[in-house]
Visitor: 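Before I ask anything, let me first share the structure, which is written out below as structure tokens.
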2 protein chains.
Amino acid sequence: MTSMPPGERIGSHVKRAEQALLAAKNAALKPAAVTVPQYAALLWLSEKPGISAAALARLCGVTPPTMNTVLKNLQERGLIERTPHEWHRNVLETRLTEEGRAAMELADAGAVRVERALAAAFSAQEREQLIGLLGRCAEVLDAQR
Amino acid sequence: MTSMPPGERIGSHVKRAEQALLAAKNAALKPAAVTVPQYAALLWLSEKPGISAAALARLCGVTPPTMNTVLKNLQERGLIERTPHEWHRNVLETRLTEEGRAAMELADAGAVRVERALAAAFSAQEREQLIGLLGRCAEVLDAQR
DNA sequence: TTGCATGCATTAGAGCTCTAACATATCTTC
DNA sequence: GAAGATATGTTAGAGCTCTAATGCATGCAA
């Protein structure tokens, strides 16, 4: 005896869309050989060179240990470099390497292609509606916690 | 030079909503001491006793190895039991134990509470709109692949 | 100056997720 | 009956994600 059928659960529709999004982006990112979280980090790094890992984690919406994992993999592949901060000796400044920038640009092309295809499925009004409704979802759910 | 600002990317709003959903559900599931994927499996198992792991994976929208991982953890905790199928000797029938049913019911209460709070943030018309728009997202993205 | 608060980085541990590959069993077709 | 198709289950390996705990550095306040 379940109190709520799956189809009525808004959450299941959100999850479904997110899954499809992740699958599409992963496919689009394959030529660049980066994952979705790696692409997100590279993209923000290109806009904020020298940012700290913690700040980058906040921008990407993940926890610092998670970002640490992602950065570790990016560093091993030579896409980023991390150097000690001038004053705050505890802070590491993270920057794209040349390779990293190239990977970011290749990845960005794929990601934007997906976003454009997604946006093209809606009218301007529908896009605004969708974004507004999703914003309220996040708001309510964050408050719930 | 990025070709598309984050705020215009529908995907980032979907991701944000999904993250908030996951966080809220995880918090609501804490009393039952199960994760969101575990709850999903338990819920479907309560409706389809004896289902195969592969079929369960399809219902939950994950791959068979993923479901295998989830079921392994549930089995170690004694929430489910798996017995060989009568005819198809390669298939394992999965069922809730008594403990599993209790955990499912406790978890369901929390999950439904979140879903109700989420649904309450919208009018009936808005809910339909949101679900419709999300459905088109998934459709377009699946086709993209 | 000493202590505390803040913030960054990291490790440990648990769990989810995927792709790729392989083994097994059943069913269909020739 | 034998071969291939279909479906299930599993292992291996890589990667992401979280919470909790720890260490270190900086800056502020008593």
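Note that these values count all heavy atoms, side chains included, but never hydrogens, waters or copies made by symmetry. In the text below, chain A, chain B and the rest are named by the order of the sequence lines, each starting its count at 1.
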Visitor: Rounded to whole angstrom units, what separation is found between the CD atom of A:Glu18 and the P atom of D:dT17?
Guide: 10 Å

Visitor: For B:Arg95, enumerate each residue passing the side chain to side chain donor-acceptor pair (under 3.5 Å) test, keeping only those at least two apart in sequence or located in another chain.
Guide: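 Checked B:Arg95 against side chain to side chain donor-acceptor pair (under 3.5 Å); matches are B:Glu93.
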
Visitor: Taking the nucleotide of DNA chain C with the nearest heavy atom to each, does A:Ala55 or B:Pro37 sit closer to the 5' end?
Guide: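 By nearest-heavy-atom nucleotide position, the 5'-most residue is A:Ala55.
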
Visitor: Pairs in or reaching into residues 52-65 of chain A: which pass salt bridge (Lys or Arg N to Asp or Glu O under 4.0 Å), with residues at least two apart or in two chains?
Guide: none

Visitor: Side chain to side chain donor-acceptor pair (under 3.5 Å) with B:Arg136: which residues, sequence neighbours excluded?
Guide: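 Only A:Glu126 meet the side chain to side chain donor-acceptor pair (under 3.5 Å) criterion with B:Arg136.
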
Visitor: Which residues in residues 65-74 of chain B have a heavy atom closer than 4.0 Å to any atom of DNA chain D?
Guide: B:Pro65, B:Asn68

Visitor: Going by an N to O cut-off under 4.0 Å, is there a salt bridge joining A:Asp108 and A:Arg101?
Guide: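 So A:Asp108 does not pair with A:Arg101 through a salt bridge.
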
Visitor: How is B:Val36 classified with respect to the nucleic acid when contacts are heavy atoms under 4.0 Å: base, sugar-phosphate, or nothing?
Guide: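 No contact at all - B:Val36 keeps every heavy atom at 4.0 Å or more from the nucleic acid.
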
Visitor: Starting from C1' on C:dC18, measure out to NZ on A:Lys30 and report it in whole angstrom.
Guide: 11 Å

Visitor: Side-chain N or O of A:Thr35 less than 4.0 angstrom from OP1 or OP2 on D:dG15?
Guide: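 Result: no.
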
Visitor: B:Arg82 side chain N/O closer than 4.0 Å to the phosphate oxygens (OP1, OP2) of D:dT10?
Guide: yes

Visitor: Could you tell me if the side chain of B:Leu134 sits less than 4.5 Å from the side chain of A:Leu134, heavy atoms only?
Guide: yes

Visitor: Which nucleotide in the list D:dG15, D:dC18, D:dT8 gets nearest to the side chain of B:Arg58?
Guide: D:dT8

Visitor: For residues 18-30 of chain B, which residue pairs pass the side chain to side chain donor-acceptor pair (under 3.5 Å) check, not counting sequence neighbours?
Guide: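 Every pair satisfying side chain to side chain donor-acceptor pair (under 3.5 Å) with a residue in residues 18-30 of chain B: B:Lys25-B:Glu115.
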
Visitor: Nearest whole angstrom, please: distance from the C1' of D:dT26 to the CG of A:Leu92.
Guide: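 Atom CG in A:Leu92 sits about 15 Å away from atom C1' in D:dT26.
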
Visitor: Could you tell me how far apart B:Arg77 (CZ) and C:dA14 (P) are, to the nearest whole angstrom?
Guide: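 It works out to 13 Å between those atoms.
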
Visitor: Under 4.0 Å, heavy atoms only, any strand: does B:Thr63 hit a base, just the sugar-phosphate, or nothing?
Guide: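 B:Thr63: base contact, heavy atoms under 4.0 Å.
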
Visitor: Side-chain N or O of B:Gln19 less than 4.0 angstrom from OP1 or OP2 on D:dC18?
Guide: no

Visitor: Given D:dT8, C:dA9, C:dG15, identify the nucleotide with an atom nearest to the side chain of A:Ala54.
Guide: C:dA9

Visitor: Tell me the interatomic distance from B:Asn26, atom CG, to D:dA20, atom P, rounded to whole angstroms.
Guide: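 After rounding, the reported distance stands at 12 Å.
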
Visitor: What integer distance in Å separates A:Glu76:CD from D:dC16:P?
Guide: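 Going from CD in A:Glu76 over to P in D:dC16 covers 11 Å.
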
Visitor: Please table the atom pairs, donor to acceptor, closer than 3.5 Å between any side-chain atom in residues 70-84 of chain A and protein atoms at least two apart or in another chain.
Guide:
unit_1	atom_1	unit_2	atom_2	d
A:Asn73	ND2	A:Thr69	O	3.4
A:Arg77	NH1	A:Ala33	O	2.7
A:Arg77	NH2	A:Ala33	O	3.0

Visitor: What is the distance, rounded to the nearest whole Å, between atom CG of B:Leu56 and atom C1' of C:dT17?
Guide: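 It is 15 Å, rounded to the nearest whole Å.
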
Visitor: Just how far, in rounded Å, is C1' of D:dC24 from CG of A:Asn90?
Guide: 5 Å

